[in-house]
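Structure first, commentary second.
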Amino acid sequence: MAYVWNQGDDDVRKVLPRNIAVPYCELSEKLGLPPILSYADCVLANWKKKDPNGPMTYENMDILFSFPGGDCDKGFFLVSLLVEIAASPAIKAIPTVSSAVERQDLKALEKALHDIATSLEKAKEIFKRMRDFVDPDTFFHVLRIYLSGWKCSSKLPEGLLYEGVWDTPKMFSGGSAGQSSIFQSLDVLLGIKHEAGKESPAEFLQEMREYMPPAHRNFLLSLESAPPVREFVISRHNEDLTKAYNECVNGLVSVRKFHLAIVDTYIMKPSKQKPTDGNKSEEPSNVENRGTGGTNPMTFLRSVKDTTEKALLSWP
């Protein structure tokens, strides 16, 4: 990423030399990941404990690799990781949910759904710490450049040529929160169907699965064949169960609303301002409102948030 983008100015490399491209693509193939920086690379695998026996807290953690911009990347990557950790009990509850539906155990299902909702509340509280550690101007004008991919990029309209691997340039999306398997898993579990069609949120999220570790992709596939929770809750006509289901959906809505606020703070507002550091170049105006994954983040996130809200069940 550093080689291709340099500092985000006009000195962008269109060819990745074979001495980087060949081993990088071979390694990516072994890992089952595309040959570009992904969420799995910069968030899920990019951490260590300062004190190995200490807790998994921001204060006791550091990142393994960094980009220019001071501690901006540490804040961005570690807070994102801590959001994943806070939401992880939701994933652990999924087998309990599926089992409860199969056994038609309403109380067990209600408790498991409540546990999922609680973990989402904690995840949102951690998410709020992004503002404590990440400066919007530095993120937009420095770090974001290195996270950008070569799909839907005005600076690399044909993509990047991986010398010695492919004869034609390839287009790959940059790191994106859409590559997080936790929130896609909860969408599948709760039966939340996003807007479909060409260049739709559903199509983008499906594409982002290709940037997840293979085990995560396989988990999502297996989840799609699990007993449908939403239909089961509707069929039971049980007030407490419906409330527990809605609690989960509202938890997702709350996280997604806050994500919209974060995108406004870190992308939309800085895109309208010149960088405070005169040495850093401005992003070209026609990609200012695009996320690192290649979408318009506000349009995408609003659609995802609205679809999630529509999944709420009415009672009675």
Side-chain angles (χ1 to χ4, degrees), residues 31-33 37-67 69-97 111-136 138-139 143-144 146-147 174-189 208-209 211-220 223 247-248 251-252 254-259 261-263 265-266 292:
L31 293 172
L33 293 167
L37 184 77
S38 67
Y39 186 85
D41 301 320
C42 61
V43 174
L44 302 184
N46 186 25
W47 63 273
K48 64 180 178 181
K49 286 184 180 181
K50 294 176 181 175
D51 173 4
N53 299 315
M56 294 278 282
T57 60
Y58 187 90
E59 291 71 25
N60 189 45
M61 295 172 74
D62 207 347
I63 53 177
L64 301 176
F65 71 86
S66 58
F67 290 110
D71 281 342
C72 178
D73 54 357
K74 177 183 174 182
F76 185 68
F77 297 148
L78 284 186
V79 171
S80 298
L81 175 68
L82 290 168
V83 169
E84 294 272 328
I85 293 170
S88 63
I91 299 300
K92 293 178 181 177
I94 288 176
T96 306
V97 169
K111 182 183 182 304
L113 290 173
H114 178 71
D115 290 344
I116 290 171
T118 300
S119 74
L120 287 171
E121 284 178 23
K122 291 178 180 175
K124 183 186 171 185
E125 288 307 305
I126 296 292
F127 202 177
K128 288 179 180 177
R129 299 192 73 188
M130 189 73 74
R131 290 173 169 159
D132 297 334
F133 302 113
V134 184
D135 173 67
T138 306
F139 173 80
L143 179 59
R144 184 168 164 269
Y146 299 105
L147 303 182
S176 165
Q179 296 165 11
S180 166
S181 50
I182 281 187
F183 295 99
Q184 287 216 36
S185 294
L186 293 178
D187 280 342
V188 174
L189 180 76
M208 288 301 99
R209 292 190 186 188
Y211 295 79
M212 295 177 184
H216 292 207
R217 294 200 295 269
N218 293 337
F219 179 76
L220 282 164
L223 199 52
E247 196 180 2
C248 290
L252 270 179
S254 183
V255 170
R256 284 169 169 159
K257 279 183 177 176
F258 187 72
H259 197 175
I262 286 290
V263 168
T265 299
Y266 287 93
T292 49

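All residue numbers refer to positions in the sequence shown, counting from 1.
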Could you measure the distance from the NZ atom of K74 to the CH2 atom of W47? Nearest 0.5 Å is fine. 14.5 Å
State plainly whether the residues E125 and K122 are in salt-bridge range, i.e. N to O under 4.0 Å. no
Does the side chain of F219 reach to within under 4.5 Å of the side chain of S185, using non-hydrogen atoms? yes
Note: E59-R129 ion pair, threshold 4.0 Å (strictly below): yes
Heavy-atom side-chain contact between L252 and F183 under 4.5 Å: yes
From CG (L37) to CG (N46), nearest 0.5 Å: 8.5 Å
To the nearest 0.5 Å, what is the distance between OH on Y266 and CE on M130? 7.0 Å
Atom pair CD/CD1 of Q184 and I182 - distance to nearest 0.5 Å: 12.0 Å
Side chains of S38 and D41: any donor to acceptor distance under 3.5 Å? yes
Can a salt bridge be assigned to the pair D187 and R256 using a cut-off of 4.0 Å between side-chain N and carboxylate O? yes
4.5 Å side-chain heavy-atom contact, T138 and L143: no
Working to the nearest 0.5 angstrom, can you tell me the gap between S80 OG and I126 CD1? 11.5 Å
Would you tabulate the side-chain donor-acceptor contacts of residues 82-97 under 3.5 Å, counting partners in other chains and residues two or more places apart, or write 'none'?
unit_1 : atom_1 : unit_2 : atom_2 : d
E84    : OE2    : Y39    : OH     : 2.8
E84    : OE2    : S180   : OG     : 2.5
S88    : OG     : I85    : O      : 2.6

F133 vs Y58 aromatic rings, parallel, tilted or perpendicular, using cut-offs 30° and 60°? parallel
